[in-house]
Number of protein chains: 2
Amino acid sequence: MTFPVVGMVGGGQLARMTHEAGIPLGIKFKLLSDTPQDSAAQVVSEVVIGDYRDLDTLRSFARGCDVLTFDHEHVPTEHLRALEADGIPIRPGPEALVHAQDKGVMRAKLDAIGAPCPRHRLVSDPEDVARFAAEGEGFPVVLKTVRGGYDGKGVWLVRSSKEAAEPFRAGVPVLAEEKVDFVRELAANIVRSPHGQAVAYPVVESIQVDGVCDTVIAPAPDLDPELAGQAQELALRIGQELDVVGHLAVELFETADGRILVNELAMRPHNSGHWTQDGAITSQFANHVRAVLDLPLGDPRPRAKWTVMANVLGGDYPDMYAAYLHCMARDPQLKIHMYGKDVKPGRKVGHVNTYGDDLADVRERAAHAAGYLRGTITE
Amino acid sequence: MTFPVVGMVGGGQLARMTHEAGIPLGIKFKLLSDTPQDSAAQVVSEVVIGDYRDLDTLRSFARGCDVLTFDHEHVPTEHLRALEADGIPIRPGPEALVHAQDKGVMRAKLDAIGAPCPRHRLVSDPEDVARFAAEGEGFPVVLKTVRGGYDGKGVWLVRSSKEAAEPFRAGVPVLAEEKVDFVRELAANIVRSPHGQAVAYPVVESIQVDGVCDTVIAPAPDLDPELAGQAQELALRIGQELDVVGHLAVELFETADGRILVNELAMRPHNSGHWTQDGAITSQFANHVRAVLDLPLGDPRPRAKWTVMANVLGGDYPDMYAAYLHCMARDPQLKIHMYGKDVKPGRKVGHVNTYGDDLADVRERAAHAAGYLRGTITE
């Protein structure tokens with residue numbers, strides 16, 4: 001047997017679910033994890049415990065791997081370049097991944113290829129933020145550190161230059177963006193392989209609560225088919241121009257006047273694609289594995305008219321297993337995906353998928369199960 | 001978190017796929033495997049290497065498990081009784097499992113509950129086989145050792161008492177059965193939980209080649225709905241009467257005169273249920289896990305009009321990974337399930353699932369992929 005070994009850097013739930021998707025392919029999976037308790041480390045047989053910020057650790061881990069891929073975007077770009085120079089295939093490669101690591105680099109590249117973005121520029125201090133505001137519609141303005149943010153962290157909505165001090169304290173460059181008056185958030189997800197094959201998933205609607213993804217509806221309801229096509233085309237073009245390999249999530253704003261603007265990029269399986277596990281012919285995780293191995297990609301089309309994903313956040317009750325009885329008995333079609341994480345308030349510890357022909361019913365079932373698991377619904 | 005630990009005895013592909021199905025539930029999985037190279041041992045994090053025939057090994061393994069279940073039926077019944085006496089939940093329990101371990105016990109019980117079986121009785125020597133033949137339609141007669149057989153092993157078709165010597169050499173009791181003049185083989189698969197909930201999968205057709213399952217079609221084409229209902233009812237009744245917990249496969253003969261007869265029982269996920277991974281709302285593996293944990297069972301209904309499973313047997317080419325390029329490019333909807341086993345001629349090393357609305361197309365795709373992976377189709 002000459003089945004390849006995929007090295008996964010990072011032990012979070014994305015690695016866990018990628019491993020799950022790799023098992024049927026007979027792929028060997030090797031994990032670099034911070035601790036043995038990490039989500040993926042609980043379910044993978046070959047685990048190396050180590051720090052992904054240390055090049056020697058990465059080099060040692062990479063020996064015996066046929067390709068490296070990632071659970072997150074935090075591996076230093078220079079380390080990835082060094083590994084690539086060692087001859088190890090890095091997918092996505094550092095020159096692509098830097099656009100998901102650094103929002104300044106991302107915005108500059110998107111401008112260069114003519115991808116529609118919110119008005120933006122790097123800002124140097126709170127006074128510069130006031131100038132940025134004055135150049136457009138004024139406050140409020142969105143400030144983002146160019147590196148290190150996720151799930152609403154590293155992002156501030158400021159209403160005056162007085163409120164703008166905090167983002168500059170980390171010493172990381174700060175990007176200012178107009179506060180887009182969007183009607184909803186969408187995500188256009190694609191998977192692309194090294195030889196340039198790409199597949200586009202249906203465009204989905206992503207509903208955020210407190211800056212964290214709460215619900216994803218696939219496909220996005222009542223989305224103008226032309227705009228959906230534009231969004232898929234845009235994601236495919238970004239994938240090609242940035243030479244992305246693997247799953248690319250393009251998070252979008254849909255504006256009241258019928259435009260789409262790029263909000264964020266992620267180059268790995270993404271929360272907005274979790275619905276594909278139960279709702280698409282080929283899941284984002286299976287296609288990510290196929291892409292990083294340069295295997296032909298699987299069919300991305302939906303298997304159901306509607307699929308809804310609802311995130312399960314930690315609540316006041318630490319024992320989510322006890323909630324299984326109610327949730328499974330109430331909805332025998334419910335798909336639960338738990339990550340093996342300790343419950344902490346607000347922490348993403350799992351998600352549920354539901355599907356069917358009646359969107360209202362599918363949404364209600366997902367919301368009920370996620371709420372019951374969290375403990376905010378008790379009946 | 002109070003998620004339970006499921007102890008799986010046996011490291012074959014059924015354990016591998018049960019583990020895969022348990023990951024989304026956040027269940028902890030502990031494996032007792034013969035070697036670290038076994039199919040499941042390659043993908044499970046907590047593996048104990050040991051001999052399932054040794055009671056001390058089993059006792060040590062069972063510590064820290066909330067429930068034990070099985071990849072195969074070869075654990076000695078007396079060991080299971082001892083573990084149960086220790087207070088460890090064994091699912092299915094020894095009093096149920098013995099019917100899948102011992103064909104003599106199985107036939108006696110099926111007779112007692114009035115389940116339709118081929119004519120049969122225990123035979124003591126070749127002359128007794130001749131008497132058994134004379135009691136019915138004569139030779140040929142099927143002989144089976146009551147313990148230890150699988151995939152055509154431990155089964156003989158004999159045409160005279162002269163041919164009947166071999167089965168008696170192992171010193172295991174031998175069961176004689178009439179050679180049923182069947183039109184095809186069916187399987188009625190159910191999953192049952194300790195509190196008595198049960199779900200029935202659609203009845204499938206199982207096509208054997210050289211005594212090994214080659215293809216499964218779900219649902220069985222052109223099956224009289226009344227006979228399908230009888231088969232499901234029979235499987236549910238056997239599950240209840242034998243107090244089975246977990247997946248129960250009832251392999252059946254369909255006769256030319258429209259009857260069904262029980263051929264074999266298996267109390268674990270079964271080859272005839274592999275189609276459920278991609279073709280049913282809840283797979284046999286997910287429902288087996290739910291059953292052994294006494295969780296409410298998932299919906300067993302099909303997601304596609306037709307699903308076909310084809311086994312991938314080892315052929316002359318050891319490198320099946322090379323065949324992925326062709327298979328995946330030819331059929332982007334193909335579902336490959338490989339077991340991580342070394343290729344040996346005739347050995348089951350994986351299976352493929354296909355689904356769709358056109359049975360001829362679905363069958364062709366499955367047969368092509370399985371043949372290409374094996375190396376019997378090269379274009």
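Throughout, protein chains are lettered first and strands after them, A, B, ... in sequence-line order, and every chain is numbered starting at 1. Scope of the values below: all heavy atoms of this structure, side chains included, with no hydrogens, waters or symmetry mates.
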I'd like to know which of Gln277(A), Arg290(A), Gln197(A) tops the heavy-atom pair count under 4.5 Å against chain B.
Arg290(A)

Are side-chain heavy atoms of Ile27(A) and Met338(B) found at a separation under 4.5 Å?
no

Looking at chain A, which one of Ala322(B), Pro36(B), Gly350(B), Pro4(B) has the largest number of heavy-atom pairs inside 4.5 Å, strictly under?
Pro4(B)

Can a donor-acceptor pair be found, under 3.5 Å and without considering hydrogens, that links the side chain of Lys335(B) to the backbone of Ile281(A)?
yes

Please flag which part of Asp331(A) lies under 4.5 Å from any non-hydrogen atom of chain B: side chain, backbone, both or neither.
neither

Show the numbers, then the answer: is there a side chain to side chain contact (heavy atoms under 4.5 Å, CB included) between Ile23(B) and His19(A)?
CA-CA 10 Å; Ile23(B) 292 174; His19(A) 167 60; 4.1 Å; yes

Counting heavy-atom pairs under 4.5 Å with chain B, which one of Gln42(A), Arg16(A), Met17(A) comes out on top?
Arg16(A)

Relative to chain B, which segment of Tyr355(A) carries a heavy atom at a distance below 4.5 Å: side chain, backbone, both, or neither?
side chain

Shortest non-hydrogen separation from Asp278(A) to Arg303(B) and the atoms involved:
O-NH1, 2.7 Å

Taking side chain as C-beta onward, heavy atoms only, is Tyr324(A) less than 4.5 Å from Leu25(B)?
yes

Contact check, side chains of Thr282(B) and Met328(A), non-hydrogen atoms, under 4.5 Å
no

Under 4.5 Å heavy-atom distance to chain B, tell me which part of Val44(A) shows up: side chain, backbone, both or neither.
backbone

Flag the pair Glu20(A) / Pro24(B) as yes when at least one side-chain heavy-atom distance between them is below 4.5 Å, and no otherwise.
yes

Atom group of Ala41(A) that falls short of 4.5 Å from chain B, counting heavy atoms:
backbone

Only pairs of heavy atoms separated by less than 4.5 Å count here; which of Gln333(A), His351(A), His326(A) has the most with chain B?
Gln333(A)

Side chain from CB out, backbone as N, CA, C, O: work out which of these in Leu297(A) comes under 4.5 Å of a heavy atom of chain B, or both, or neither.
backbone

Residue pair Tyr321(B) / Thr2(A): nearest heavy atoms and the distance that separates them
CD2-O, 4.0 Å

Please determine, among Ala21(B), Gly26(B), Cys327(B), Pro300(B), the option with the most heavy-atom pairs under 4.5 Å with chain A.
Gly26(B)

